[in-house]
Amino acid sequence: MHRRSKLFPGNFWQGELFVFPRNQAILRPFCSSDSTTTSPTSHSLNISFLSDLVSKQHWTELKTHLKDTNLTVLLHQLLSSEVDPVLTLRYFHWSQKEFKLSHPLELSFRLLHLLANAKRYSKIRAFLDNFIKYENLHSNSSIFHALSICGPKFCVNSIIVDMLLLAYVRNSKTQLGLEAFKRAGDYGFRLSVFSCNPLLSALVKEGATGDVEHLYKELMRRKIEPNVITFNVVVNGLCKAGKLNKAGDVVEDMKAWGVSPNVVTYNTLIDGYCKMGRVGKMYKADAILKEMVANKVCPNEVTYNILIDGFCKDENVSAAKKVFEEMQRQGLKPNVVTYNSLINGLCSDGKFDDAFGLRDEMLGLGLKPNVVTYNALISGFCKKKMMREARKLFDDMRGKGLAPNAITFNTLIDAHCKSGLMEEAFVLQSSMLKKGLFPLASTYNCLIGGLCRKGDIESARKLIHVMEDNGLRADLVTYNILIDAFCREGESRKAARLFSVMRKVGLTPNHVTYNTLMNGYCTEGNLKAAMNVRMQMEKDGRRSNVVTYNILIKGFCKKGKLKDANVLLNEMLERGLNPNQTTYEIVREEMMERGFVPDIEGHLYNVSFSS
DNA sequence: ACTGTCAACT
């Protein structure tokens, strides 16, 4: 493949693909589909008359002269004539619609060639969009074949394939786009960043990190000139997958390519660190901020928003407020996102007065609270089980001209489920439908979780069927909920079976999945099985997180194996993981039980948290 | 023509 991309187009076309003469390929569908017609030439007089009608756009008259049988012949004729390709395109669409037929694929691509030569790129884009949307019957294999036999215009073919790729991505057919990318490599077509960047971006959004990494390597190998956006998308994909080290490597790659990291690159990296559960993650984020400034890249509103949200999620609202002040000192204006992050931070902490104060402040600045603002406030009240207040905000939204979205409903439904108010939750779900909002898989997950919490796995199963009847597939979270439910019932065998089912249907277990299963085994006292799950998890490239350690440490404590618990505790600290509230509670409880009075927080025998 | 920040559920 590498050789081929270096070949001159002319050489390429002497290769194996140019298998039969062009005309034969084009006439084949026509000859086989119609036995009464003798040959295209016998129509030629007639056809020049018809072409003339097309040129004059006399469609009604044209229709009276046409039969199904000569539609494709006329198209062929138009393609070989001097007729404006845009007119031919019009005829193409008109004849397909009027006579409900599909012209052969080869002719479609000959038409695209003519349009490309005439530089009518927007027409090609529209054509391909339509093609992707309504003609699912063509596989990439037949498309590439048709394209390769319809003319030796190598560059033009590359442009068309590039646009095809973009059409796939824009129509959410990312996997087909990826397949087309691979095939383009086999055929040696040159692609551009204008299609590869959106493909990368779509893969990042789908969380297909493996594909992102592969595509990135391919881009470099095929020498498709990446730009700063290409690198930024890849950095973002790796950050979202928690692969911060690899993200850093890509930043080094880009420097080696002579592309300087810009404000977006740094913002992405900072956000990556902010969202990671490492010790001193905000310190690391701050270090990147300093590096960014040292490289003469000026932080913008987004940079500050990321830091503010990071501190809020780190339960450090006061640090967030300092950044907020610094932002304004730098002459940057806080926007709705800034306020939403702060409001969310305050709400999660139950500081509703401060949160409402900020809401009023933003109103004073002419910033309108949006759905996100309300969702944060509602979620805050829900967490404190203040359902009346949550409900009031929900009702207020309408008066403010704001429509609740699926997340608003999910928040409320989940809160009702957690309060055991399943009927209310289902009423909310149906009111969602009345508003024209379709419940998402996450909506069902809230309800399924509620049923499982009640121990009603049977109803949960039934609800999954309803969900699937509505075209939604059980996702990772659904499986996590069910695995947890079985573990709680002491049915770890069933949980384990579900675990293998989810892999079979192509879902990738995450930390929660592994931790849940481990927790199930630990509760049963089966430490060996739990440690096996952990081994599997680390083999899958997922390092143990705080929750993993908490589960295992607790498991070992319960079995009286304090030595093992200590080993894990040390390992956790060595790996730079921060013990949380739960860790301290596990340790304290264990010590009390053994008659020790915990003097300093976090001492488990000879192990100190504050090492 | 393409990119990055905020909100829910396990």
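The shown structure was predicted, so the numbers you read here are calculated from the model rather than taken from an experiment. Naming convention: chains lettered A, B, ... in sequence-line order (proteins, then strands); numbering from 1 in each chain.
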Roughly how many Å is it from [atom1] in [X] to [atom2] in [N], rounded to a whole number?
{"X": "A/Met502", "N": "B/dT10", "atom1": "CE", "atom2": "C1'", "value": "11 Å"}
{"X": "A/Met292", "N": "B/dT5", "atom1": "CE", "atom2": "P", "value": "14 Å"}
{"X": "A/Asn300", "N": "B/dT5", "atom1": "CG", "atom2": "P", "value": "12 Å"}
{"X": "A/Asn232", "N": "B/dC2", "atom1": "CG", "atom2": "C1'", "value": "11 Å"}
{"X": "A/Leu367", "N": "B/dT5", "atom1": "CG", "atom2": "P", "value": "20 Å"}
{"X": "A/Leu393", "N": "B/dA8", "atom1": "CG", "atom2": "P", "value": "15 Å"}
{"X": "A/Leu289", "N": "B/dT5", "atom1": "CG", "atom2": "C1'", "value": "14 Å"}
{"X": "A/Met397", "N": "B/dA8", "atom1": "CE", "atom2": "P", "value": "14 Å"}

If you look at every strand shown and take non-hydrogen atoms under 4.0 Å, does [X] touch a base, only sugar-phosphate, or nothing?
{"X": "A/Asn267", "answer": "base"}
{"X": "A/Asp484", "answer": "nothing"}
{"X": "A/Asn262", "answer": "nothing"}
{"X": "A/Ser442", "answer": "base"}
{"X": "A/Asn236", "answer": "sugar-phosphate"}
{"X": "A/Val228", "answer": "nothing"}

Quick one: which of [options] gets closest to the side chain of [X]?
{"X": "A/Asn344", "options": "B/dA1, B/dA8, B/dC9", "answer": "B/dA8"}
{"X": "A/Ile481", "options": "B/dT3, B/dT5, B/dT10", "answer": "B/dT10"}
{"X": "A/Val263", "options": "B/dA1, B/dT10, B/dG4", "answer": "B/dG4"}
{"X": "A/Val372", "options": "B/dT5, B/dT10, B/dC6", "answer": "B/dC6"}
{"X": "A/Ile407", "options": "B/dA8, B/dC6, B/dT10", "answer": "B/dA8"}

Can we say [X] and [Y] salt-bridge, meaning some charged N sits less than 4.0 Å from an Asp/Glu carboxylate O?
{"X": "A/Glu489", "Y": "A/Lys494", "value": "no"}
{"X": "A/Lys322", "Y": "A/Glu325", "value": "no"}
{"X": "A/Asp396", "Y": "A/Arg391", "value": "no"}

What pair of heavy atoms forms the shortest contact from A/Pro261 to A/Met254, and how long is it?
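Shortest heavy-atom separation between A/Pro261 and A/Met254 comes out as CA-CE, 3.6 Å.
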Of all heavy-atom pairs between A/Val228 and A/Asn262, which one has the smallest distance, and what is that distance?
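That closest heavy-atom pairing would be CG2-ND2, 3.6 Å.
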Measuring to OP1 and OP2 of [N], would you say a side-chain N or O of [X] lies under 4.0 angstrom away?
{"X": "A/Lys275", "N": "B/dG4", "answer": "no"}
{"X": "A/Lys240", "N": "B/dT5", "answer": "yes"}
{"X": "A/Lys418", "N": "B/dT10", "answer": "yes"}

Within 45 degrees of the axis of the six-membered ring of A/Tyr479 and under 6.0 Å from its centre: does A/Arg503 put its NZ or CZ there?
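No, A/Arg503 does not lie over the aromatic ring of A/Tyr479.
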Can you tell me whether the side chain of A/Asn410 and the base of B/dC9 have a donor-acceptor pair closer than 3.5 Å?
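Not at all, since no donor on one side and acceptor on the other fall under 3.5 Å apart.
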